[in-house]
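Naming: A, B, ... by sequence-line order, numbering from 1 per chain. Only this structure's heavy atoms are used, side chains among them; waters, hydrogens and symmetry mates stay out.
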Number of protein chains: 2
Amino acid sequence: MTRPSEITRDRILKAAERLFAERGYDATSIRAIVARARVNQAAINYHFEGKEGLYREVLRTAFRGLTEDQIAHADETAGLPREEALAAFVRRQLRPLSARDETSRHMRIFNWETVRPTPVFRKLLSEEAASFMGLTTNLVHRFLPEADQRTLSVAAIWLLGQCSIFVRNREQLAGPPVSLELDETAVDWLAQLLSRWTVQGLGTGFGRA
Amino acid sequence: MTRPSEITRDRILKAAERLFAERGYDATSIRAIVARARVNQAAINYHFEGKEGLYREVLRTAFRGLTEDQIAHADETAGLPREEALAAFVRRQLRPLSARDETSRHMRIFNWETVRPTPVFRKLLSEEAASFMGLTTNLVHRFLPEADQRTLSVAAIWLLGQCSIFVRNREQLAGPPVSLELDETAVDWLAQLLSRWTVQGLGTGFGRA
DNA sequence: TACGTTTTCAAACGAGAGTTTGAAAACGGA
DNA sequence: TCCGTTTTCAAACTCTCGTTTGAAAACGTA
């Protein structure tokens, strides 16, 4: 419980979070982490009982951070009209495109997991993602008051999918053939576009069944 | 140019395609491929000059297959009303959810690439994805006749994002907290839902700017 | 200060990856 | 059939990975 050991532990966590966010679990080596944290290689096993234990810790931190972030955000937008609440939600989902802060890193770590979920993540997800999904479901519920639960779930995922593809593929989209460069103002513009389409999409159209 | 060597080559390609689709490039080992193809380990280096060369070949095949598939599909739906054309497009994008055919495998291989694109893929993409994007852009163009090129690109990606999140995360969505099981009829239902929301979303709403 | 505990460190270990090797086998035209 | 070429094969090589080891250093308390 002494101080200096906490410092080492913290340096490892910080370095690991950055590298995991950048490259994902598999592509991040123990050696890369200790080089960045400037600690001895054995320190990871000493403090976290291996790479997986370290990752679990990083994942937990990211999860806590994101949940708090989302809950805080939900509180802020609770009083807004549904259209504005949705627009704010979309803008927040697109945040990793324009910011390189802690929250963006956490979202990036989760993005990696959507491809090949580690067992650690699967467990965390099934235990704690309910509140996450709940917030998004509530948001779309305001547009689909009479929909059943399954439709609401699909709508929530639909909403997340629209945002995540831009976040996940930013680098590729910047190149040919799309050449979509996304600076700060472009992200604002994109968020508005997506919000409008989503609001209209979920709006009770008079169209086909 | 003799026959028997072509057989070995083909067995490797078939086994590799299946494994790459299933696990992605990194998680697929040379040894797993040769075990499945029942050929000698050195055969891959002999015929393809290494794992990367083999992957390049698989990727090319997948790309050709998908492009042909999409072009054929575009021809079929060219005469349809825009709403039906879009519905058919969405249904086709969701195909890997219900089918385990060659095309679905090809789409899966590409899904892996959207996370950490291999250099091989980046090159292929920038050279040949134009026609791909073009088809999708044309589709949304029928709903947004006056939009500029950048908006059309975003709309096309938006459309792809809505579909891909369900394809990519099928397994996770099946578990808690979402518990969205997608059998054949559920996929049809999902495709209809997504189509409706998209059509309404892109439809000229009278709402906010 | 002295001593038991905690923490750091350099080095080595074993498993798994992709690749290389050189000989044996199969092939095919003369 | 014979012989140069193509193709297969088992084994070994090299590299990187995560982990382990055992001693040295730092620490905190009596």
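- Of all nucleotides listed (C:dG18, C:dT6, D:dT19), C:dT6 comes nearest to the side chain of A:Y46.
- Close to D:dT8, at under 4.0 Å from its OP1 or OP2, lies a side-chain N or O of B:H47.
- Under the 30°/60° scheme for interplanar angles, the aromatic rings of B:F110 and B:F121 are found to stand perpendicular.
- In summary, A:R105 and A:D101 do not engage in a salt bridge, as defined by a charged side-chain N under 4.0 Å from a carboxylate O.
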Write out a two-atom table: protein N or O, nucleotide N or O from nucleotides 10-15 of chain D, distance below 3.5 Å.
unit_1: D:dA10; atom_1: N7; unit_2: B:N40; atom_2: ND2; d: 3.2

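- Using cut-offs of 30° and 60° on the angle between ring planes, the pair A:F89 and A:H73 is tilted.
- Side-chain N/O atoms of B:T8 include one lying less than 4.0 angstrom from OP1 or OP2 on D:dT8.
- How far OG1 of A:T198 is from CZ of A:R196: 10.5 Å, rounded to the nearest 0.5 Å.
- Defined by atom type and a distance below 3.5 Å, a donor-acceptor pair is present between the side-chain atoms of B:E113 and B:T118.
- Ring geometry for B:W197 versus A:W158: interplanar angle of 30 to 60°, hence tilted.
- The heavy-atom pair separating B:S153 from B:M133 by the smallest distance is O-CE, 4.3 Å.
- Distances from the side chain of A:I30 to the nucleotides C:dG18, D:dT19, C:dT20 place D:dT19 closest.
- Considering CZ of A:R60 and CG of A:L13, their distance stands at 11.0 Å, rounded to 0.5 Å.
- Taking 4.0 angstrom as the limit, A:S29 places none of its side-chain polar atoms (N or O) nearer than this to OP1 or OP2 of D:dT16.
- If you measure from atom CZ of A:F48 to atom P of C:dT7, you get 12 Å, rounded to the nearest angstrom.
- Residues of residues 11-20 of chain B having a heavy atom closer than 4.0 Å to DNA chain D: none are found.
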